[in-house]
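What follows is a single structure, written as structure tokens, with notes after it.
Just so we're on the same page: letters track the sequence lines, and every chain starts at 1.
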Amino acid sequence: MRGFNTLWQPGFDHAGIATQAVVEKELRRQGVSRLELGREAFVQRVWEWLHEYGGVIMHQFRRLGCSLDYERERFTMDDAYVRSVMRFFVHLHGRGWLYRDNRIVNWCSDCRTSISDLEVEHIDVDDALTYARYPLADGSGHLTIATVRPATILADVAVAVHPDDERYASFVGKDVIVPVVGRHVPVIADERVEREFGTGALKVTPGHDPVDFEIGQAHDLPAPSVIGLDGRMTGDIPEKLVGLTEEEASDYVVEWLREEGLLEKRESYRHSVGHCERSGTRIQPLVSLQWWVDMGPMAAAAVEAIESGRVTFHPPVQNRVALDWLTAIRPWNVSRQLWWGHQLPIWYCPDGHVTCAESEPGACAECGSGELARDPDVLDTWFSSALWPFATLGWPEDTPDLRRYYPGDVSSTAREIIFLWEARMIMAGLELIGDIPFSDVIIHSTILAADGRRMSKSLGTGIDPLELIADHGADATRYGLLKMSSTQDVRFSQQPIEEGRKLANKLWNASRLLLLGGVAEVAARPSSVEERWILARIEATRAEVEADLAGFDFSHAVDRLYHLTFDDFCDWYLEAIKPRLQEPDVRATAFEALERLLTLLHPVMPHVTEEIWAQFHDTRLAVSPWIVPDARFGDDLDALASAQTAARIYRRSGVRIKIGGDAERIFDAVVRPAADGRGDVEAERARVRKEIERSERMLANEKFVANASQDVVAAEREKLDQYRAELDALG
RNA sequence: GGGCGCGUAGCUCAGCGGGAGAGCACUCGCUUCACACGCGAGGGGUCGCUGGUUCGAUCCCAGCCGCGCCCA
């Protein structure tokens with residue numbers, strides 16, 4: 001409508017973990033495991049599943065009447081997209097930012113893969129805090145530590161205390177004996193120890209705790225593992241514990257401590273524990289060999305882009321959120337032990353040399369060996385999603401689309417996606433294209449279920465937009481969603497959608513009033529006051545709506561359109577012209593006003609406005625020009641004020657005040673007063689006198705007049721004048 | 001543990017320094033020739049609590065009580 005060449009890019013990511021989990025679950029129901037099936041066949045099954053169930057979202061978009069460029073639908077697993085992902089990976093490798101390392105990761109024993117920090121959800125859990133005594137090797141006493149995970153005692157390699165903790169100063173440098181396994185380990189000093197937690201002495205288990213891993217690295221300690229990838233006990237531990245769950249092993253350890261007199265106490269303890277966002281399984285921090293990306297340099301560029309305002313988040317507080325994360329960014333674990341996704345473009349030869357290439361190399365880059373095995377891992381889904389703004393446009397080729405549509409303007413998403421996706425799109429865009437992917441990021445509200453819980457499939461709290469469309473109509477659903485939109489999370493309610501349905505209905509009926517008399521045959525020549533007034537109202541609303549939309553304030557935009565339609569257009573304008581509706585000039589202006597109203601409403605309610613438009617046009621509203629600013633009748637914006645005041649008084653009390661002229665004529669047409677409606681004039685006078693008193697009292701306050709802004713004082717004086725005029729009119 | 005935000009009419013939410021608002025729900029009156037899926041009127045709120053700043057506080061500040069989210 002405004003003549004811009006815009007692209008709204010449709011498509012999907014492949015949702016690695018989630019998709020694999022769903023298909024695996026289905027297989028299990030059929031009594032097949034993915035291991036039996038084999039990698040190739042499994043991936044084939046995922047594609048089949050996608051073909052069956054994919055397309056739902058696009059169907060929903062179409063039904064909502066969203067103007068996406070549907071022919072350009074893209075998928076992160078498309079061949080062309082895969083090439084972009086490989087290019088990105090090889091690029092990072094060439095930069096030296098990609099490395100393989102044994103580090104502690106968030107392991108989900110249910111999904112059987114590592115996950116990134118951002119896929120971990122912290123939930124408060126009630127646990128027991130176990131206080132265990134570690135005897136000193138020299139027999140001179142003991143040290144007590146507190147732990148919520150007694151089973152990990154088996155993997156302890158040290159006990160750490162804070163360097164400034166006087167209680168334990170004399171212990172540092174001595175050895176203690178780890179219960180159950182009998183290992184002699186040193187007492188070390190490290191600033192990462194929280195003195196206030198437990199006894200202030202920390203058992204150090206680098207194999208199963210992120211902080212301990214850091215301490216272990218700093219002190220050059222080993223990181224033995226006693227819990228395997230399957231969540232079962234393993235490693236250098238007593239035979240009878242092998243294969244137990246962590247919980248069973250903990251019970252054994254606690255019992256052992258009790259019998260040996262080393263159990264000091266157990267107390268209940270509530271703390272937050274990481275869980276896998278997908279499976280809900282408690283995260284097992286463990287050390288494994290994974291691929292990592294050093295994000296420092298890319299994050300610095302993104303920080304610059306946001307601080308300089310080249311990329312702006314809305315609402316503005318979110319700029320800070322993004323910056324805080326970017327400035328404290330940590331290495332990104334990008335490898336996943338899954339089958340569904342982009343397999344790492346990494347090949348190993350028998351000598352362990354690593355070859356990184358976009359497509360399968362013929363020989364090892366280092367030794368020329370032809371015996372190459374590809375790394376079985378796939379990439380984090382977000383690794384590919386980060387390329388969305390340009391991979392969808394043909395990058396790494398230099399395509400016309402890429403030149404025309406990159407960088408884009410707006411990306412809209414929920415809060416929890418800021419780090420996962422937005423920040424990474426910005427980083428990838430700056431790194432690979434040398435420019436930001438978009439200038440504005442809208443962080444919209446999350447619509448909660450009516451009871452305040454999150455909408456989710458597993459809770460059964462979700463709502464299918466297709467049902468809303470079936471019940472209320474697509475235009476009503478669009479209106480309702482826009483009305484609900486906010487920077488604050490909102491509870492879902494049918495009411496705003498129902499409001500939209502009423503608006504569509506009202507618009508339809510108002511149009512019918514005009515169309516019933518046939519289409520106007522002359523050009524509009526607005527002459528009467530109500531005609532100039534409605535055009536002024538529409539013009540004012542146009543400017544306000546444009547400002548709202550520019551600020552991404554959709555809720556206020558649709559609210560204005562609702563009141564313009566109901567209050568101004570229907571209740572006053574149409575009622576005012578009704579007596580003269582047969583006059584060609586009146587009809588001509590009415591159609592002019594209706595055209596403008598339909599145009600303003602079209603982005604919100606494309607279906608009903610297009611249908612009405614078709615009743616008196618051969619063109620399509622969707623491609624008709626937007627309203628151009630029209631200041632002709634600006635002076636008439638408040639022209640109906642006196643008639644509206646008279647109406648309020650009459651409808652409330654039955655008292656008619658004297659107004660005269662056009663106002664009188666409009667009043668009669670709109671209000672249609674009874675022949676000699678006679679109300680309680682004295683009560684009305686009393687009401688107005690009260691207002692006058694209030695106003696006079698305020699203006700008599702010297703401090704108010706002296707301190708309040710001139711505008712406020714002037715506005716108060718004007719109100720006083722109006723009330724005095726009203727009192728006069730009451731006779 | 002760190003950070004952000006929210007508590008306004010029965011419900012869902014606007015307003016964020018000058019007389020408390022919208023839609024829905026509720027009550028009453030209208031079959032008025034576009035719409036009863038409508039029109040008009042009305043009832044309903046110590047704007048979470050306690051202090052402070054100000055001529056003036058729902059709005060700014062502090063503390064408390066509830067609730068939510070993000071991060072570790």
Side-chain angles (χ1 to χ4, degrees), chain A residues 117-118 120-122 194 196-197 210-211 271-274 315 317-318 320-322 324-325 328 330 414-420 443 445-448 450 452-454 472-473 476 479-480 483-517 553 555-556 558-560 562-563 566-567 569-571 574-575 578-579 581 590 594 612 647-648 650-654 669-674 690-691 694-695 697-709 711-716 719-720 723:
Chain A
D117 295 335
L118 293 176
V120 175
E121 197 180 356
H122 290 85
E194 278 181 61
E196 292 74 26
F197 179 78
V211 174
H271 63 143
S272 87
V273 175
V317 278
Q318 302 297 349
R320 191 76 257 153
V321 175
D324 285 348
W325 184 74
R330 295 153 33 132
R415 272 190 301 274
E416 69 259 30
I417 311 298
I418 294 175
F419 313 137
L420 288 166
I443 303 301
S445 56
T446 301
I447 298 189
L448 305 168
R453 291 185 296 170
R454 283 186 69 88
H472 310 278
Y479 176 96
K483 189 75 191 285
M484 275 180 249
S485 72
S486 162
T487 57
Q488 210 55 49
D489 286 355
V490 291
R491 294 181 178 212
F492 177 80
S493 159
Q494 308 267 351
Q495 284 164 13
I497 298 175
E498 209 28 47
E499 188 177 312
R501 202 183 60 78
K502 285 179 55 179
L503 176 57
N505 194 245
K506 191 72 174 175
L507 203 58
W508 179 259
N509 283 311
S511 305
R512 220 153 58 97
L513 172 67
L514 296 178
L515 287 162
L516 280 174
D553 184 353
S555 171
H556 284 103
V558 299
D559 189 63
R560 286 186 211 287
Y562 180 93
H563 288 288
F566 271 82
D567 304 347
F569 193 81
C570 293
D571 292 350
L574 288 183
E575 294 300 333
K578 242 180 204 175
L581 207 46
L594 178 62
I612 296 168
R648 254 195 315 277
Y650 175 78
R651 284 166 170 168
R652 179 174 55 219
S653 66
V670 174
V671 179
R672 283 180 258 188
K690 237 170 99 183
E691 297 291 354
R694 185 200 58 80
S695 195
R697 202 164 41 234
M698 224 168 147
L699 289 165
N701 181 348
E702 283 169 31
K703 286 181 174 170
F704 168 70
V705 178
N707 294 320
S709 78
D711 290 352
V712 171
V713 177
E716 195 57 44
K719 270 189 271 181
L720 180 58
Y723 282 121

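Ion pair A:E498/A:K483 not flagged as a salt bridge, since none of the NZ, NE, NH1 or NH2 atoms sits closer than 4.0 Å to an Asp/Glu carboxylate oxygen. Of the charged side-chain nitrogens involved, none lies within less than 4.0 Å of a carboxylate oxygen, so that A:E121 and A:R454 do not count as a salt-bridged pair.
Comparing B:rA34, B:rU12, B:rG18 against the side chain of A:V712 picks out B:rG18 as the nearest. Taking every side-chain heavy atom of A:R512 into account, B:rC35 is the closest of B:rC39, B:rC35, B:rC55. Distance from the side chain of A:H556 is smallest to B:rG15 among B:rU12, B:rG15, B:rA72. For A:A510, whose side chain is taken as the heavy atoms from C-beta onward, the closest listed nucleotide among B:rG18, B:rC35, B:rA34 is B:rA34. Taking the side chain of A:R672 as heavy atoms from C-beta on, and the options B:rC69, B:rC33, B:rC39, the nearest nucleotide is B:rC33. Of all nucleotides listed (B:rG18, B:rA34, B:rU12), B:rA34 comes nearest to the side chain of A:N509. Out of B:rG23, B:rA72, B:rA14, the shortest distance to the side chain of A:S486 is found at B:rA14. Relative to the side chain of A:V317, the nucleotides B:rG5, B:rA14, B:rC13 differ in distance, and B:rG5 lies closest. Distance from the side chain of A:N505 is smallest for B:rC35 among the nucleotides B:rG18, B:rC35, B:rC11. Ranking B:rA72, B:rU12, B:rA22 by closeness to the A:S493 side chain, first place goes to B:rU12.
Contacts of A:H563 with the nucleic acid, taken as non-hydrogen atoms under 4.0 Å apart, involve only primed sugar atoms and P, OP1 or OP2. Using a 4.0 Å heavy-atom distance criterion, A:V490 is classed as a sugar-phosphate-only contact. Backbone-only contact: A:R651 has heavy atoms under 4.0 Å from sugar-phosphate atoms and none from a base. Among the protein residues, A:R330 comes within range of the sugar-phosphate backbone only, with heavy atoms under 4.0 Å from sugar or phosphate atoms but none that close to a base. When heavy atoms are screened at a 4.0 angstrom cut-off, A:L420 is found touching no nucleic acid atom at all. Note on A:F492: nothing from the nucleic acid sits closer than 4.0 angstrom, heavy atoms only. Contacts of A:K483 with the nucleic acid, taken as non-hydrogen atoms under 4.0 Å apart, are absent. The residue A:R501 sits close to a base: some heavy atom pair falls under 4.0 Å. Counting non-hydrogen atoms under 4.0 angstrom, A:D571 reaches the backbone sugars and phosphates but no base. Within the nucleic acid shown, A:S695 has no heavy atom closer than 4.0 Å to any nucleic acid atom. As judged by a 4.0 angstrom heavy-atom cut-off over every strand, A:Y723 is placed among the base-contacting residues. Using a 4.0 Å heavy-atom distance criterion, A:S272 is classed as a base contact.
No N or O donor and acceptor, one from the side chain of A:Q488 and one from the base of B:rG5, sit under 3.5 Å apart. Judged by atom type and distance alone, A:E575 reaches the base of B:rA34 through a side-chain donor-acceptor pair under 3.5 Å.
The side chain of A:T487 places no N or O atom within less than 4.0 Å of a non-bridging phosphate oxygen (OP1 or OP2) of B:rG5. Of the side-chain N and O atoms in A:R652, none sit less than 4.0 angstrom from OP1 or OP2 of B:rA41. For the pair A:K578 and B:rC33, the criterion of a side-chain N or O lying under 4.0 Å from OP1 or OP2 is not met. The side chain of A:K506 places an N or O atom within less than 4.0 Å of a non-bridging phosphate oxygen (OP1 or OP2) of B:rC39.
With a 3.5 Å ceiling on both atom-pair distances, the Watson-Crick or G-U wobble partner of B:rC6 is B:rG66. Pairing for B:rU54 is absent, judged as Watson-Crick or G-U wobble with the two contacts each under 3.5 Å. If you check B:rU32 for Watson-Crick or wobble pairing at under 3.5 angstrom, you find it has no partner at all. Nucleotide B:rC37 forms no Watson-Crick or G-U wobble pair with any nucleotide shown, as no partner meets the under 3.5 Å limit on both distances. Figure legend. B:rC16 is base-paired to no nucleotide; pairs are counted as Watson-Crick or G-U wobble with both atom distances under 3.5 Å.
Although no hydrogens or angles enter the test, the distance criterion places no donor-acceptor pair under 3.5 Å between the side chain of A:N505 and the main chain of A:R501. No donor-acceptor pair closer than 3.5 Å links the side chain of A:D559 to the backbone N or O of A:S555. Not one N or O on the side chain of A:S445 forms a donor-acceptor pair closer than 3.5 Å with the backbone of A:D489.
Taking atom CG of residue A:N707 and atom C1' of nucleotide B:rC55, one finds them 6 Å apart after rounding to whole Å.
Between A:F419 and A:W325, the angle of the ring planes stays under 30°, which puts this pair in the parallel group of the 30/60° scheme.
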Is there a side-chain contact (heavy atoms from CB on, under 4.5 Å) between A:T487 and A:Q318? Walk through the geometry before answering.
CA-CA 10 Å; A:T487 57; A:Q318 302 297 349; over 6 Å; no

